[in-house]
Trainee: 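Okay, handing you the structure first.
Since this is a predicted model, take the numbers as computed values, not measurements. Just so it is clear, the values below take in all heavy atoms, side chains as well, and ignore hydrogens, waters and symmetry mates. If you read the sequence from its start, that first residue is 1, and numbering goes on from there.
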Amino acid sequence: GGDEWFPGQGGTWTEPDSESDNECSEVRLLLKPTQGSIPRVMLVVDRSYSMVGAEDRWTPIESTLSRVTQNLGHTVHFGLVLFPSPNPNFRGSEAEMACAPGEVNVDAGPDTAGDINQWLANARPEPGLATPTYSALDAAGRSLLAAPTGNDYILLATDGGPGCNFGLDPHLCTCLNHSC
């Protein structure tokens with residue numbers, strides 16, 4: 001083989017001296033991601049009021065996602081969809097506002113931790129917000145499918161079942177949380 005760089009050897013170049021060293025250096029080379037192999041992860045985060053109601057689920061999610069996006073932001077392209085949407089331009093009835101469709105707040109890309117953390121800090125759950133999970137997952141999926149890489153993922157952070165489907169007859173549905 002040719003000259004190989006082995007970290008931790010005082011900044012020197014070394015020649016692999018055995019077949020096992022060659023195998024290890026090949027593995028090391030394969031671990032370096034190419035642009036097409038960098039994962040894209042859309043974080044889809046529930047900001048309905050139940051996230052802070054009887055038990056605070058928001059703070060652990062916000063804290064964890066902050067650490068994850070900061071620590072992995074150079075090797076994973078994160079994006080964010082909050083639901084219901086905190087978009088102040090959305091206008092509608094109280095029920096429509098509570099179920100404002102999820103939309104992409106931060107496109108999946110490099111070094112998005114600061115933007116994601118700012119959205120999480122400024123768009124906390126509020127009384128009256130519901131759980132439009134379908135529209136949020138749809139927005140995340142459409143965003144990733146606009147330019148698929150084959151290494152795209154959606155991570156859903158929620159505390160409950162989806163709601164906000166006004167097309168369903170509530171008399172024919174089964175209530176999952178006994179507060180319908």
Trainee: Below 4.5 Å, heavy atoms only, C-beta onward: do T69 and L43 meet side chain to side chain?
Mentor: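 Yes, their side chains come closer than 4.5 Å.
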Trainee: Under a single-linkage definition using a 4.5 Å side-chain heavy-atom cutoff for Ile, Leu, Val, Met, Phe, Trp and Tyr, are W119 and V68 assigned to the same hydrophobic cluster?
Mentor: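 Per the 4.5 Å side-chain linkage, W119 and V68 are co-clustered.
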Trainee: Got a second to check how far M51's CE is from T158's OG1, nearest 0.5 Å?
Mentor: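 It is 6.0 Å, given to the nearest 0.5 Å.
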Trainee: Shortest non-hydrogen contact from A113 to Q70?
Mentor: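 For A113 versus Q70, the nearest heavy atoms are CB-NE2, 3.6 Å.
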Trainee: Would Y153 and V81 show up in the same hydrophobic cluster when neighbours are defined by side-chain heavy atoms closer than 4.5 Å?
Mentor: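 Y153 does not cluster with V81.
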Trainee: If you look at every heavy atom in N117 and S66, which pair is closest and at what distance?
Mentor: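 The answer is OD1-CA, 3.1 Å.
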Trainee: Just grab all the salt bridge (Lys or Arg N to Asp or Glu O under 4.0 Å) pairs involving residues 134-143, residues at least two apart or on different chains.
Mentor: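 Of all non-adjacent pairs touching residues 134-143, those that pass salt bridge (Lys or Arg N to Asp or Glu O under 4.0 Å) are D138-R142.
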Trainee: Mind listing the closest non-hydrogen atom pair of P132 and A100 along with its distance?
Mentor: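 Here P132 and A100 meet closest at CG-O, 3.6 Å.
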Trainee: Might you point out which heavy atoms bring L80 and M42 nearest each other, and give the distance in Å?
Mentor: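 Taking L80 first and M42 second, the nearest heavy atoms are N-CE, 3.8 Å.
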Trainee: How far apart are the closest heavy atoms of R40 and L144, and which atoms are they?
Mentor: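 Heavy atoms of R40 and L144 come nearest at NH2-O, 2.9 Å.
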Trainee: For N105 and L82, indicate whether the former's side chain and the latter's backbone hold a donor-acceptor pair under 3.5 Å.
Mentor: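 Flag set: sc N105 to bb L82 pair under 3.5 Å.
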Trainee: Establish whether V44 and I116 are linked, either directly or via other cluster members, by ILVMFWY side-chain heavy-atom contacts under 4.5 Å.
Mentor: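 The answer is no; the residues belong to distinct hydrophobic clusters.
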Trainee: Step by step, work out the side chain to side chain contact (heavy atoms under 4.5 Å, CB included) result for V41 and H77.
Mentor: CA-CA 6 Å; V41 177; H77 290 179; over 6 Å; no
Trainee: Please answer whether the main-chain N or O of N151 pairs with a side-chain N or O of T149 as donor and acceptor at a distance below 3.5 Å.
Mentor: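 Pair found, side chain donor or acceptor close to backbone of N151.
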Trainee: Report yes if the side chains of F78 and L65 come closer than 4.5 Å at any heavy-atom pair, otherwise no.
Mentor: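 No. Closest side-chain heavy atoms not under 4.5 Å.
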Trainee: Please give me the minimum heavy-atom distance between S135 and P101, naming the atom from each residue.
Mentor: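 Smallest interatomic distance, heavy atoms only, reads OG-CA, 3.3 Å.
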Trainee: Could you walk me through whether S50 and S48 pass the side-chain hydrogen bond (donor to acceptor under 3.5 Å, both in side chains) check?
Mentor: CA-CA 5 Å; S50 64; S48 65; 3.2 Å; yes
Trainee: Sequence neighbours left out, cut at 3.5 Å: what donor-acceptor pairs do the side chains of residues 121-130 make with other protein atoms?
Mentor:
{"from": "N122", "atom 1": "ND2", "to": "Q118", "atom 2": "O", "distance (Å)": "3.2"}
{"from": "R124", "atom 1": "NH1", "to": "E62", "atom 2": "OE1", "distance (Å)": "2.8"}

Trainee: Atom CG of D115 and atom CG of L120: how far apart are they, to the nearest 0.5 Å?
Mentor: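 Rounded to the nearest 0.5 Å, the CG-CG separation comes out at 11.0 Å.
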Trainee: Do you reckon W58 sits in the same ILVMFWY cluster as Y49, going by side-chain contacts under 4.5 Å, direct or chained?
Mentor: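 Hydrophobic grouping puts W58 with Y49.
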Trainee: Do L137 and I61 share a hydrophobic cluster, counting only Ile, Leu, Val, Met, Phe, Trp and Tyr and linking them when any side-chain heavy atoms are less than 4.5 Å apart?
Mentor: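 Hydrophobic grouping puts L137 apart from I61.
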Trainee: With heavy-atom distances below 4.5 Å as the criterion, would you say the side chains of F83 and L156 are in contact?
Mentor: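 Yes; the side chains approach each other to less than 4.5 Å.
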